[in-house]
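Remarks on the structure that follows.
We name chains A, B, ... by the order of the sequence lines, and we start the count at 1 in each one. The structure presented is a predicted model; accordingly, all values stated were derived computationally and were not measured.
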There are 2 protein chains.
Amino acid sequence: MRPRPVTLGDVAREAGVSRSTASEALSGRGRMTESTRLAVRDTAVRLGYRPNALAQSLRTGRTGAIALHHQHAADSFSSQYFREFVAGAMDVTSARDHDLTLLASDPTTPRATLPRVDGVIIADPIADDVRALELLTSGIPVVAGERYPPGMPTSPVVGVHHEQALRDVLDHVHGLGVRRPALVGPDAHSGWGVVLRETVDDWSAERGLVTAHRTIAFASGFTTSHEDLVGELLDAEPGVDLLLVPSEAVALGAIAALRARSSEPGRDVLVVSCADAQMLGLTDPPVTAIDLGPRALGAACARALLSVVEDDAELPPLTLIPATLSLRASTELRASTAGGASTELPGSTEPRRSADLRRDAVRA
Amino acid sequence: MRPRPVTLGDVAREAGVSRSTASEALSGRGRMTESTRLAVRDTAVRLGYRPNALAQSLRTGRTGAIALHHQHAADSFSSQYFREFVAGAMDVTSARDHDLTLLASDPTTPRATLPRVDGVIIADPIADDVRALELLTSGIPVVAGERYPPGMPTSPVVGVHHEQALRDVLDHVHGLGVRRPALVGPDAHSGWGVVLRETVDDWSAERGLVTAHRTIAFASGFTTSHEDLVGELLDAEPGVDLLLVPSEAVALGAIAALRARSSEPGRDVLVVSCADAQMLGLTDPPVTAIDLGPRALGAACARALLSVVEDDAELPPLTLIPATLSLRASTELRASTAGGASTELPGSTEPRRSADLRRDAVRA
DNA sequence: TTGAAAGCGCTAACAA
DNA sequence: TTGTTAGCGCTTTCAA
């Protein structure tokens, strides 16, 4: 049995004023004699009055909180990516004294009620996510972290410039002699998968090359099927000399599949992960990867959303933030054998070399 | 300009019933003809009606959300520990379809208003944290993740069994010949610091040993002052053969300080960190540490809190969950030279050996 | 079976 | 300068 909380009415009665006067006295609005204001403040403190944020929000229409929705939040909060994203969002909400609500996200059950927040970030919108759909049609401001997959209602997007990062790394390995890239990509349920595929195809077409493709369900765990999938690809397309993979799990599968075919990853066939992860610096060989910068992305999303809920800003449909390349041995071993290849990087992303690895680990 | 959201009144009017009937029709309560119920539901869908969770909560007193407060959330969300804690809490809130609100936590500015949630977890309560104090006196249910420092109002606590883990590791290194332990501990602003100190002192007293002490501000970054602090300790207490440190940062300082004195960490002086971190497996030498299991702790806190807000459970003042030991070279190098020492661990914690390191990295 | 009325705690017009 | 009134959107008695 908890005691009934002290309300504004209690304070007003005790101080002998009306509720509106009490409200204004406490909020500092309205002009009134200093004496009444002090008297009200005093009794408020004495009674231990705490404004009910719920009632306040209901009345004012502002909550001082934004929410974060992520389809797989439950299981994939484990993912380094999402945690970093949350950290970035928290960096900016906290600095602007807002709460950040992590929405429960059962992707199958609808939730119907609209959340008690001023706006929502949808991290990594996935097609068929019932709750994301609800949010998008709720009328509250939405910013997406990463682009929408086809066939979904949309909102302003803050995303990573995958095109540029991918082209940078492709140009780099092209210089090392790569002529037959293969993309093991996430499927079209994520906007990321779509961008990856388009970019590789465009890049190949521009050079008269042909890309081999395989699709893999987004966010599967460590299974041998990754090795099998890559293996099947290698057997079907013997000329492949670059494997673009979507995650560390698939990178591991790729390395295993290559070795099983007496092909040395990083020399005979290069391996690049389209998303960096700490462990990619610890594999044998370490795997070159695109660092998506999830923390910066989370921060950018929160900043964008706050600018619309607080300052009524108008957001462009798509804002891109740069990714960075982490060059590692899975593309560098070849540099010595291929001969004549430049290891200078074109483009505007900042490359980081294996020497930075140690620092990576320490920053973790 | 966003369109005015559809309210229950709109639905009622459109369906030609009163608001109360509409409410009951939608919530499934109240007995009424199937036809009116269906009619109301139908118009609700047609108008795109979404219940306002704020109003609902104001009326019912239940929000379906719990909050998480952490003093350093802004900057130290970076800390692996806190992220894991959040992940654990999210695991259980999400499974029980609750939202998890990460509270903005400026430790100096009061916030006054009580948060829009059914209960709050205070992760790692720190003395003098204004907002934590506000929460503790607000009347809403609070569960603390880790014990309170002295002089703070309290609530039920879910914490880690530091005593047991620390005694296990102390017994272990005692078997390796340690006779003069030193604790570089967090100060008494955290309950953790207090427990650590008491446990080491008790353990030493029981064996007629004496512990050297130094205190360090909680959660400082990588600074050379750590090395200086440990160095000063080593110079002042030349017999020390075990350094207990609170974090990876101080562990690094300890290693540097020892080497600067031509003392080999792990052989001449053992090093143990009271909190594990991924990088402790990558240092030279890798450092034995107590894995606090922050994810499990976060989950346990959320479970406890939900049991009180949902089932009105009565919580014991202190619930302890076990920690695990990660034995690494910083205590093992000595095993070969000390002779006769057992590496079997007494006690109930589960030791993990360096062989597990690789897996550690992969799981990250 | 349904409707009318009250009220959760607060803020903001408008009067006095 | 202060009080009265209305109402944010919803749920829940209590009558009809």
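- Residues meeting the salt bridge (charged side-chain N to carboxylate O under 4.0 Å, His left out) test with A:Glu24, sequence neighbours left out: none.
- Taking atom CZ of residue A:Arg62 and atom C1' of nucleotide C:dA12, one finds them 17 Å apart after rounding to whole Å.
- In this entry the distance linking CG of A:Leu58 with P of D:dG9 reads 7 Å, nearest Å.
- The CE atom of B:Met32 sits 9 Å away from the P atom of C:dT1 (whole-angstrom rounding).
- Side chain A:Ser23 to base C:dA12: no donor-acceptor pair is found below 3.5 Å.
- Taking side-chain N and O atoms only, A:Thr36 has a distance below 4.0 Å to OP1 or OP2 of D:dT2.
- For residues 52-69 of chain A, the set of pairs meeting the salt bridge (Lys or Arg N to Asp or Glu O under 4.0 Å) definition, not counting sequence neighbours, comprises A:Arg62-A:Asp118.
- Taking every heavy atom of residues 6-15 of chain A and every atom of DNA chain C, pairs under 4.0 Å involve A:Thr7, A:Leu8, by number.
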Between N or O atoms, less than 3.5 Å apart, protein on one side and nucleotides 14-16 of chain C on the other: list the pairs.
none

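- Distances shown here put every side-chain N or O of B:Ser20 at or beyond 4.0 Å from the OP1 or OP2 atom of C:dT2.
- Pairs passing the side-chain hydrogen bond (donor to acceptor under 3.5 Å, both in side chains) check and including a residue from residues 132-141 of chain B, sequence neighbours excluded, read A:Arg50-B:Thr137.
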Donor-acceptor pairs are to be reported for all side-chain atoms of residues 150-158 of chain A against protein atoms at under 3.5 Å, with residues two or more places apart or in another chain.
{"from": "A:Ser155", "atom 1": "OG", "to": "A:Val142", "atom 2": "O", "distance (Å)": "3.4"}
{"from": "A:Ser155", "atom 1": "OG", "to": "A:Tyr148", "atom 2": "OH", "distance (Å)": "2.6"}

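- For B:Leu54 and C:dG7, the CG to C1' distance is 16 Å, given to the nearest whole Å.
- Between the B:Arg131 side chain and the B:Ala104 main chain, a donor and an acceptor come within less than 3.5 Å of each other.
- For B:Thr60, no side-chain nitrogen or oxygen approaches OP1 or OP2 of D:dT11 to under 4.0 Å.
- Judged by distance alone, the side chain of B:Gln71 and the main-chain N or O of B:Ser105 form no donor-acceptor pair under 3.5 Å.
- For B:Ala53, the side-chain contact (heavy atoms from CB on, under 4.5 Å) partners are A:Thr113, A:Arg116, not counting sequence neighbours.
- Scored by the side-chain contact (heavy atoms from CB on, under 4.5 Å) test, B:Ala39 finds no partners at all (sequence neighbours excluded).
- Atom CG of B:Leu26 and atom P of D:dG9 are 16 Å apart (whole Å).
- Between A:Ser18 and D:dT4 there is no side-chain N or O to OP1 or OP2 distance below 4.0 Å.
- The phosphate of D:dG9 (OP1 or OP2) has no side-chain N or O of B:Gln56 nearer than 4.0 angstrom.
- Rounded to a whole Å, the CG atom of A:Leu114 is 16 Å from the P atom of D:dC8.
- Mapping A:Val17 and B:Arg50 onto DNA chain D via the closest heavy atom, the residue that lands nearer the 5' end is A:Val17.
- Taking the side-chain contact (heavy atoms from CB on, under 4.5 Å) definition, one finds that B:Thr43 meets it with B:Val11, B:Glu14, B:Ala15, B:Arg46, sequence neighbours left out.
- The nearest whole Å value for the distance from the CZ atom in B:Arg59 to the P atom in D:dT13 is 8 Å.
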